[in-house]
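In what follows, chains are A, B, ... by sequence order, proteins preceding strands, each numbered from 1.
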There are 2 protein chains.
Amino acid sequence: MPKPTFFNLPEDKRRRFTDAALDEFALHDYRSASVSRIVSTLGIAKGSVYQYFEDKQELYLYLVTLAAQTKFECIDAAVRGEASVRGNVSAPSSEPGFFERYERTVYHGARFDFTHPRHGTLLYNATYEPSGEMLAVSARLREQSARYLRSLVEAGLATGDLRADLDVEFAVFALYQLTISLRDYLSERFRFSFKGAVQAGAGPPISDEALREVIAELARLLRQGLGPVATTTEEQRTQPRVC
Amino acid sequence: MPKPTFFNLPEDKRRRFTDAALDEFALHDYRSASVSRIVSTLGIAKGSVYQYFEDKQELYLYLVTLAAQTKFECIDAAVRGEASVRGNVSAPSSEPGFFERYERTVYHGARFDFTHPRHGTLLYNATYEPSGEMLAVSARLREQSARYLRSLVEAGLATGDLRADLDVEFAVFALYQLTISLRDYLSERFRFSFKGAVQAGAGPPISDEALREVIAELARLLRQGLGPVATTTEEQRTQPRVC
DNA sequence: TCCTCGTGTGACTGGTCAGTCATATGCTAC
DNA sequence: GTAGCATATGACTGACCAGTCACACGAGGA
């Protein structure tokens with residue numbers, strides 16, 4: 001989507017530009033983000049931006065796509081990595097169940113947000129982008145996540161990890177909302193400012209155990225609900241609660 | 001907060017002004033909403049607005065407060081009304097449990113959004129307001145809702161409607177997120193555009209049964225989770241599923 | 001040496017906005 | 001009729017923005 005000029009840029013310059021632009025759109029919504037501010041931060045001329053991109057919108061779409069791809073690949077690699085380690089080291093190991101797969105994905109998603117605050121925050125903003133012209137972007141992101149969750153849910157139904165009478169679309173909706181907004185909960189619970197991390201380029205000052213615990217709590221809510229536990233079945237007790 | 005001039009306005013003029021302003025802020029986020037557009041819609045002079053309010057921010061705060069108060073009172077009245085009718089007509093009737101109280105609140109909240117699209121949409125926008133200067137507003141709204149949900153949860157714990165080992169803050173978070181975003185689910189599921197309704201001033205083209213069914217599905221998810229149903233206890237079977 | 005072409009530049013245009021203020025209007029009291 | 005006050009007005013200011021364009025620069029090739 002960017003013009004060829006952009007890809008001809010020396011690696012280093014392109015990187016500095018991308019970082020500054022990610023910053024700007026992570027710190028402001030589409031309309032408030034300012035091309036003028038990006039160039040003045042970088043100390044380059046405004047015209048340069050328009051040598052690289054057709055307009056502000058193309059720049060934004062490029063950054064969102066980049067962030068989404070980066071996050072997806074990162075999560076995917078981490079989850080696969082975990083799976084194969086487990087598979088090789090321990091016993092033949094059965095396929096992980098729905099909740100374990102979900103927990104792993106969410107865990108690595110959260111880790112990504114902490115280690116790549118620019119990308120994570122930009123994506124989060126894009127998800128809630130209020131500008132009318134950009135509705136398509138948030139819709140695309142939502143549909144991508146929903147598709148993934150839907151496949152998880154369908155697999156979960158097939159294996160009996162999920163109750164058979166579930167309304168799939170409703171379940172996907174609930175999973176999506178809780179997963180996306182887990183960020184807000186983490187932010188409040190651990191007093192962690194993602195926007196602050198964007199500005200500081202900061203690392204993750206959150207303990208791995210604390211994070212895993214929160215996600216386990218989320219998984220538990222999804223598995224059992226808020227209601228009192230019925231006579232617990234054998235099936236539930238033996239769910240893999242390790243990791 | 002508005003200047004005295006605003007309250008001296010003839011009822012009718014004040015009302016027209018308030019409606020137009022609600023429209024503007026329901027259709028655009030804080031930064032994109034334009035005072036110029038409001039006055040040109042109304043055919044009044046820009047200076048007038050600044051006779052009524054100190055600045056754009058004061059106007060916005062007034063509208064959010066107004067919308068929040070209106071919605072709260074509406075829900076409260078409806079829920080109380082329902083309760084008293086039930087209490088009088090039928091048997092002495094036990095106090096409703098956690099899930100019934102939650103369902104009722106959500107039901108009347110959703111009804112409000114359909115019948116008062118201006119107010120509902122403005123509040124929804126305010127909740128997700130991305131403008132940095134307005135963070136305090138969304139935080140206040142969130143805290144208000146959380147306080148209410150927290151009281152519900154604590155009552156639910158006391159009566160045993162909720163499992164005793166629940167992390168209250170996490171439960172409140174989950175309830176809050178699912179409740180707020182139910183709007184998105186309804187909008188997609190029933191192809192209902194709230195922004196469209198704001199522009200049209202429209203009524204509710206959604207069947208009451210369909211709405212109640214969605215909310216029941218939500219309550220069921222919250223009660224039981226997504227997992228397979230354990231040996232169902234007597235306790236669960238006898239939960240009041242009427243209404 | 002000069003030409004070309006990819007790249008960089010920043011003053012400039014036209015637009016939108018929040019907020020101001022000198023002036024006008026209309027109403028009430030005397 | 002007129003003085004005084006609350007309200008209405010809209011042209012204007014200063015700020016910011018996206019996007020443009022005529023020009024400058026520099027490296028490589030002839």
Novice: For A/K56, give me all partners under side chain to side chain donor-acceptor pair (under 3.5 Å), at least two apart in sequence or on another chain.
Specialist: none
Novice: Round to the nearest Å and state the distance from A/L59 atom CG to D/dC17 atom C1'.
Specialist: 15 Å
Novice: Tell me whether B/K71 contacts the main-chain N or O of B/H116 through its side chain, where contact means a donor paired with an acceptor under 3.5 Å.
Specialist: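 Such a contact is absent between B/K71 side chain and B/H116 backbone.
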Novice: Within the pair A/K3 and C/dG6, is there a side-chain N or O less than 4.0 Å away from OP1 or OP2?
Specialist: no
Novice: Ring pair (Phe, Tyr, Trp, His ring centres under 6.0 Å) with A/Y107: which residues, sequence neighbours excluded?
Specialist: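 Expected list: none.
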Novice: Taking ring pair (Phe, Tyr, Trp, His ring centres under 6.0 Å) as the definition, give me every residue that meets it alongside B/F72, ordered by chain and number, with sequence neighbours left out.
Specialist: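 Not a single residue meets the ring pair (Phe, Tyr, Trp, His ring centres under 6.0 Å) criterion with B/F72.
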Novice: Which residues pass the side chain to side chain donor-acceptor pair (under 3.5 Å) test with A/D23, not counting sequence neighbours?
Specialist: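 Counting only residues at least two positions away or on another chain, A/D23 forms a side chain to side chain donor-acceptor pair (under 3.5 Å) with A/R118.
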Novice: Please name all residues satisfying side chain to side chain donor-acceptor pair (under 3.5 Å) with A/D12, sequence neighbours left out, ordered by chain then number.
Specialist: none
Novice: Let me know the distance between CG of B/L9 and P of C/dC27, rounded to the nearest Å.
Specialist: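 Checked: the CG to P distance equals 14 Å.
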Novice: Does OP1 or OP2 of C/dT7 have a side-chain N or O of A/N8 closer than 4.0 Å?
Specialist: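 For A/N8, the contact criterion (side-chain N or O under 4.0 Å from OP1 or OP2 of C/dT7) is met.
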Novice: Closer than 4.0 Å, any side-chain N/O of B/T5 to the OP1 or OP2 of D/dT7?
Specialist: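 Answer yes for this pair, as a side-chain N or O of B/T5 is under 4.0 Å from OP1 or OP2.
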Novice: Using a 4.0 Å cut-off on heavy atoms, which residues in residues 122-136 of chain B reach DNA chain D? List them by number, or say none.
Specialist: none
Novice: My understanding is that only residues two or more places apart in sequence, or in another chain, count here; which of them pass salt bridge (charged side-chain N to carboxylate O under 4.0 Å, His left out) with A/R37?
Specialist: A/E24
Novice: With a 4.0 Å cut-off on heavy atoms, is A/Y52 in touch with a base, just the backbone sugar-phosphate, or nothing at all?
Specialist: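 A/Y52: backbone/sugar contact only, no base atoms under 4.0 Å.
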Novice: For A/D55, enumerate each residue passing the salt bridge (charged side-chain N to carboxylate O under 4.0 Å, His left out) test, keeping only those at least two apart in sequence or located in another chain.
Specialist: none
Novice: Distance check needed: C/dT7 P versus A/F17 CZ, whole Å only.
Specialist: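 Distance check: A/F17 CZ to C/dT7 P gives 14 Å.
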Novice: To the nearest Å, give me how far apart NZ (A/K13) and C1' (C/dT9) are.
Specialist: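 It is 11 Å, rounded to the nearest whole Å.
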Novice: So if I define the base as every atom that isn't primed, P, OP1 or OP2, how would nucleotides 18-24 of chain C read as a B/S/- string at a heavy-atom cutoff under 4.0 Å?
Specialist: BBB----
Novice: Show me the side-chain donor-acceptor pairs of residues 15-22 of chain A shorter than 3.5 Å, one per line, residues at least two apart or across chains.
Specialist:
residue: A/T18; atom: OG1; partner: A/R14; partner atom: O; Å: 2.7

Novice: Which whole-number value in Å describes the distance from A/Y60 OH to D/dA18 P?
Specialist: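 Value for this atom pair: 14 Å.
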Novice: Specify the separation, in whole Å, of atom CD of A/E24 and atom C1' of D/dC16.
Specialist: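 Those two atoms, CD and C1', are 13 Å apart.
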Novice: Please identify each residue that fulfils side chain to side chain donor-acceptor pair (under 3.5 Å) with B/T127, with sequence neighbours left out.
Specialist: none
Novice: Within a 6.0 Å radius of atom CD on A/E143, are there more than 12 heavy atoms belonging to other residues, nucleotides or ligands?
Specialist: yes
Novice: Taking five pairs at each end, how big is the angle between the two axes of the helix from C/dT1-D/dA30 to C/dC30-D/dG1, to 10°?
Specialist: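 Between the axes fitted at each end of the helix from C/dT1-D/dA30 to C/dC30-D/dG1 lies an angle of 30°.
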Novice: Applying a 4.0 Å non-hydrogen cut-off, can you work out what B/F6 is touching in the nucleic acid: base, sugar-phosphate, or nothing?
Specialist: nothing
